[in-house]
A.B. asks: 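Sending over a structure as structure tokens; questions will come in a sec.
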Number of protein chains: 2
Amino acid sequence: MLKKSVRYSSVFCFVYFGSYLFNFITLKPKITLKDIARELEVSISTVSKALKNSEEISRDTKEKVQAFARLYNYKPNNIAVSLKNKRTKNIGVVIPDIVHHFFTTVIRGIEKYANAKGYNVIVCLSEESFDKEVINMEMLANGSIDGFIMSLSSETQAKGDYNHLKEVTEQGIPVVLFDRITHEIDCDKVVIDDKLGGYLATKKLIEQGKQRIALIATDDYLSVSKARSQGYTKALLDHGIPVEPSRILKLPTMEMDEDRIRDFFETSDMDAVLCVNEIFAVYSMGLALEKGLKIPEDIAFIGFTDGLLSKYAHPSLTVVAQHGERMGEISAQMLIEKVESENEEETFQTKILEPTLVLRNSTIN
Amino acid sequence: MLKKSVRYSSVFCFVYFGSYLFNFITLKPKITLKDIARELEVSISTVSKALKNSEEISRDTKEKVQAFARLYNYKPNNIAVSLKNKRTKNIGVVIPDIVHHFFTTVIRGIEKYANAKGYNVIVCLSEESFDKEVINMEMLANGSIDGFIMSLSSETQAKGDYNHLKEVTEQGIPVVLFDRITHEIDCDKVVIDDKLGGYLATKKLIEQGKQRIALIATDDYLSVSKARSQGYTKALLDHGIPVEPSRILKLPTMEMDEDRIRDFFETSDMDAVLCVNEIFAVYSMGLALEKGLKIPEDIAFIGFTDGLLSKYAHPSLTVVAQHGERMGEISAQMLIEKVESENEEETFQTKILEPTLVLRNSTIN
DNA sequence: ATATTTACCGAAAACGGTTTCGTGTTGATA
DNA sequence: TATCAACACGAAACCGTTTTCGGTAAATAT
């Protein structure tokens, strides 16, 4: 037995190198089960089982195979395993944009959790386009991923067409929607309580003695902006302050529109501003400073999204933190649970995270 | 013929629905070539060829098959195709961080180009850790991707250990390194001329009459920071200004260290500051403002990275733009060319992009 | 009428694994 | 000595494609 073992190893080296001699100098391609089986003169099944430490295989053979595999750095081919198991260990993330701080933190959260669970993350950008969202999902839905985590593009939300989501869920592919969601699709969802966020921020401003609080938001089709506006309105009403339409600016998208914001500042009179993102807020602060106003005494500011901008702006910006990273982690967790759950009980849940106020120098503390 | 055709369609409906009746109400799973073949009573090969419009197949059959496939929304399974073709149409992107503006713009560039070419992007984060970088690459290298685009983690650069890259390239997997590269690996590379960037920025400051120009950088193991520092030094010397070590602060990483920067400002005397990123610069501007200094008259600032921060800071920050999106596009283009090239001529190129100065209010214009 | 194309189609191998099931050998038991 | 587990391993199906290689029938040429 020993003799045979010794003999094979020397024989092997010759045969193996021989068969790959062609491009041996430059390339050493991945080794497969078949290669190992051939060189060790056992069957592919045996190799497979040996590597899985199956007790069906003798100690001797297992050691032989495992040593060999280690030596030649054998790693199973993911694609083949995926095909067999019908599990890719990939999750698809489709988001509108990646340059926005919020989304990058969510991705980081997803990545962190998914990676720890052995999953890879395929990122696709819809760039706020309905068509791109559809195309990306179709690409991924043909076997590339085990499930989706996504946030709707603004165009999709404006259009209200969710057939691409429906198709995917009907195929049995799990979906988790976060932040920009729709209630028309049955799936898991993760959001922060944007209305509460708007409420808390507005309340904070009121408590600081502000009475003429302006709002810079986007049109209501964007679910998050709508909710934040509602929180703003509710806070005002709860404190007996009338909602003054002239103090509300609704931009068509989250894109920066310097002219319209500037106009708004010229024509409207206010002592505080709530903005649905940090860019609007920081830009607005700039306008206020230009006008010689003192922040926060003359005019206070609160934005959404706790990004770099808020932290390093001058003055630093008080914001409603959205906890993107946590949101990503939760999304990934919910998705992976669904993916790995055997039972087909279709129960969906919506997790609502609480926003928190991060106090900085754009408000009185 | 016609009769048969009519008959099959009705028969099919019954059979197909029948076989999937089990969970028909909730799920309609993906249809495969085999399904089509079975229902149309032809072979799998015929279906495959018909869908590819092979002229080996009669007009009649092709139409039948194609109509059927369209009706049931057949899409080939990516995994199976990948296994067969040994091409995944995925590219792996391994970067140190995703919350930094520069990297997100690069990803966007990669995504844009790759998507247009039918590729998907798998993003993995090393989080500046050597081990994570290695693990991620190993995960992806087992068949999941056709090639890598990556930027080295700081730990990897500090360690100088590139064996994981070597292994991958030896397996014949194409790699494109961008921004944080190493010359120890033979592969395509894309960088901006950081030395030139540092030079241009410093020269600009000198031309504005600044003589006591400080530098806030990181330790030299970070290739980009080193190059930028060299540009700074060269510009000073070219203009006959001695390099004053007390005006140079080298932090261990790109992470913010408020205390050390504050210390540096207390102890050093300067009329301009060049920073290797925008965060250092904007934070420093804050310190200057606190001290009652006028920007840019008393002290001017230039940073690297043309992000949100630079644009919306107060005053807005003059920066060396790195053109991340372009860098991503070029990286993706180089990689995909390598992936799709048949010939094995191993020629590698390094593309050097020119940085440009974006003038804003932190310098005199 | 026979030989040769041509048009159409199917069987089977291959990609690289996993897994079920069967089988030959061995040693213990009756 | 016949019987039977236990043990160790291999054959083969399978995942869903692609692609090569034949093969059959009709159509054409001889």
Side-chain angles (χ1 to χ4, degrees), chain A residues 1 4-5 8 29-66 68-69 72-90 141-146 171-172, chain B residues 1 4 8 29-66 69 72-90 141-146 171-172:
Chain A
M1 198 52 175
K4 185 185 165 195
S5 170
Y8 99 75
K30 283 256 155 192
I31 190 177
T32 69
L33 285 188
K34 196 196 276 192
D35 295 328
I36 303 182
R38 178 165 28 80
E39 304 306 339
L40 257 42
E41 293 179 321
V42 292
S43 76
I44 293 179
S45 344
T46 302
V47 177
S48 176
K49 290 170 191 164
L51 291 175
K52 293 195 138 46
N53 237 318
S54 160
E55 50 199 35
E56 223 179 313
I57 306 297
S58 71
R59 241 183 94 74
D60 236 43
T61 310
K62 279 198 278 195
E63 279 174 4
K64 215 168 63 178
V65 172
Q66 288 170 5
F68 190 93
Y72 286 92
N73 194 29
Y74 168 80
K75 296 276 167 54
N77 180 304
N78 290 336
I79 300 291
V81 174
S82 295
L83 182 59
K84 184 86 243 271
N85 297 349
K86 301 185 149 243
R87 283 279 188 76
T88 64
K89 286 260 177 183
N90 286 152
N142 297 316
S144 298
I145 49 97
D146 295 339
Q171 279 171 31
Chain B
M1 197 54 175
K4 184 185 168 194
Y8 102 78
K30 283 258 155 192
I31 191 178
T32 69
L33 285 188
K34 196 196 276 189
D35 295 327
I36 303 182
R38 178 165 29 79
E39 304 305 341
L40 258 42
E41 296 179 318
V42 293
S43 76
I44 294 180
S45 343
T46 302
V47 177
S48 176
K49 290 171 194 163
L51 291 175
K52 293 197 139 45
N53 238 316
S54 160
E55 49 198 39
E56 224 180 310
I57 306 296
S58 70
R59 242 182 94 74
D60 235 41
T61 310
K62 278 197 280 194
E63 280 173 3
K64 213 167 65 178
V65 172
Q66 287 170 7
Y72 286 91
N73 193 29
Y74 168 80
K75 296 276 165 55
N77 179 306
N78 289 335
I79 299 293
V81 174
S82 293
L83 182 58
K84 185 88 244 279
N85 298 349
K86 299 180 150 253
R87 282 278 187 78
T88 63
K89 286 259 176 184
N90 287 152
N142 297 317
S144 298
I145 50 96
D146 295 339
Q171 279 171 32

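Letters A, B, ... are given to chains in the order of the sequence lines, protein chains preceding strands, and every chain is numbered from 1. These numbers were taken from a predicted model, which means no experiment stands behind them.
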A.B. asks: Applying side chain to side chain contact (heavy atoms under 4.5 Å, CB included) to A:Gln66 and A:Asn53, what does each step give before you reach the verdict?
C.D. replies: CA-CA 9 Å; A:Gln66 288 170 5; A:Asn53 237 318; 3.7 Å; yes

A.B. asks: Whole-Å distance between C:dG16 P and A:Asn85 CG?
C.D. replies: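 Interatomic distance, CG of A:Asn85 to P of C:dG16: 16 Å.
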
A.B. asks: Kindly say whether A:Asn78 contributes a backbone atom to a donor-acceptor pair with the side chain of A:Ser82 at under 3.5 angstrom?
C.D. replies: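 Yes, the answer is positive, given that a donor and an acceptor are paired below the 3.5 Å cut-off.
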
A.B. asks: Within this structure, what is the CG-to-C1' distance between B:Leu83 and D:dT18, rounded to whole angstrom?
C.D. replies: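 Between C1' of D:dT18 and CG of B:Leu83: 11 Å.
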
A.B. asks: If I take atom CG in residue A:Leu33 and atom P in nucleotide D:dG10, what distance separates them, rounded to the nearest angstrom?
C.D. replies: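 About 13 Å, once rounded to whole Å.
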
A.B. asks: With a 4.0 Å cut-off on heavy atoms, is A:Ser58 in touch with a base, just the backbone sugar-phosphate, or nothing at all?
C.D. replies: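 Touches sugar-phosphate only.
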
A.B. asks: Taking the side chain of A:Val81 as its heavy atoms from C-beta onward, which of C:dT18, C:dG16, D:dG10 lies nearest to it?
C.D. replies: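 Side chain of A:Val81 sits closest to C:dT18.
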
A.B. asks: Where the side chain of A:Lys84 is defined as all heavy atoms beyond and including C-beta, which of D:dC21, D:dT19, D:dC14 is the nearest nucleotide?
C.D. replies: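 Nearest to the side chain of A:Lys84 among the choices is D:dC14.
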
A.B. asks: Take the protein atom CD1 of A:Ile44 and the nucleotide atom C1' of C:dA14, then report the distance between them rounded to whole Å.
C.D. replies: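 Distance, rounded to whole Å: 12 Å.
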
A.B. asks: Given atom CZ of B:Arg87 and atom C1' of D:dT18, what is their separation to the nearest angstrom?
C.D. replies: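 Nearest whole value for this atom pair: 14 Å.
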
A.B. asks: Go through it in stages, so that I can follow the logic: the residues are B:Lys30 and B:Asn77, the test is side chain to side chain contact (heavy atoms under 4.5 Å, CB included), and I'd like the CA-CA distance, side-chain angles, deciding distance and then a yes or no.
C.D. replies: CA-CA 9 Å; B:Lys30 283 258 155 192; B:Asn77 179 306; over 6 Å; no

A.B. asks: It should be established whether A:Tyr74 places a side-chain nitrogen or oxygen under 4.0 Å from OP1 or OP2 of nucleotide C:dG17.
C.D. replies: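 Affirmative; the distance criterion is met.
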
A.B. asks: Between P on C:dA7 and CD on B:Glu55, what's the gap in Å once rounded to a whole number?
C.D. replies: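 Rounded to whole Å, this separation is 9 Å.
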
A.B. asks: Round to a whole Å and report the spacing from CD of A:Glu41 to C1' of D:dG10.
C.D. replies: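 Taking CD of A:Glu41 and C1' of D:dG10, I get 14 Å after rounding.
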
A.B. asks: For a quick check of understanding: with a heavy-atom distance under 4.0 Å over all strands, which category does B:Lys49 fall into, base, sugar-phosphate or nothing?
C.D. replies: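 Base contact - B:Lys49 has a heavy atom under 4.0 Å of at least one base atom.
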
A.B. asks: Going through the checks in order, is the side chain to side chain contact (heavy atoms under 4.5 Å, CB included) test met by A:Thr46 and A:Thr61?
C.D. replies: CA-CA 9 Å; A:Thr46 302; A:Thr61 310; 3.9 Å; yes

A.B. asks: Nearest 0.5 angstrom please: A:Thr32 OG1 to A:Arg38 CZ, how far?
C.D. replies: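 The distance works out to 7.0 Å.
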
A.B. asks: Measuring from B:Ile145:CD1 to B:Thr88:OG1, what's the distance to the nearest 0.5 Å?
C.D. replies: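 These two atoms lie 6.5 Å from each other.
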
A.B. asks: Name the residue closer to the 5' end of DNA chain D, choosing between A:Val42 and B:Asn77 according to the nucleotide with the nearest heavy atom.
C.D. replies: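 The residue closer to the strand's 5' end, by nearest nucleotide, is A:Val42.
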
A.B. asks: May I ask you to verify if any side-chain N or O of B:Lys34 is less than 4.0 angstrom from the OP1 or OP2 atom of D:dC15?
C.D. replies: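 So the side chain of B:Lys34 is within the cut-off, an N or O lying under 4.0 Å from OP1 or OP2 of D:dC15.
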
A.B. asks: Contact class for B:Ser48 vs. all strands (heavy atom < 4.0 Å): base, sugar-phosphate, or nothing?
C.D. replies: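 Base contact.
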
A.B. asks: Record whether the side chain of B:Ser43 comes under 3.5 Å of the base of C:dA11 through a donor-acceptor pair of N or O atoms.
C.D. replies: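 Answer is no: no donor-acceptor pair is held.
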
A.B. asks: Among C:dT18, D:dG16, D:dC9, which is the nearest nucleotide to the side chain of A:Thr46?
C.D. replies: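 Taking heavy atoms from C-beta onward, the closest nucleotide is D:dC9.
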
A.B. asks: For A:Ser82, answer base if it contacts any base atom (sugar-phosphate contacts may also be present), sugar-phosphate if it contacts only those atoms, and nothing otherwise; contact means non-hydrogen atoms under 4.0 Å.
C.D. replies: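 Result for A:Ser82 = nothing.
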
A.B. asks: Which nucleotide in the set C:dG22, C:dG10, C:dG16 lies at the smallest distance from any side-chain heavy atom of A:Glu56?
C.D. replies: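 Looking only at side-chain atoms, A:Glu56 lies closest to C:dG22.
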
A.B. asks: Describe the nucleic acid contact of B:Lys86 in one word from base, sugar-phosphate, nothing, applying a heavy-atom distance below 4.0 Å.
C.D. replies: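 Touches sugar-phosphate only.
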
A.B. asks: Nearest whole Å is fine: how far is D:dT17 P from B:Ile79 CD1?
C.D. replies: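 That distance rounds to 11 Å.
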
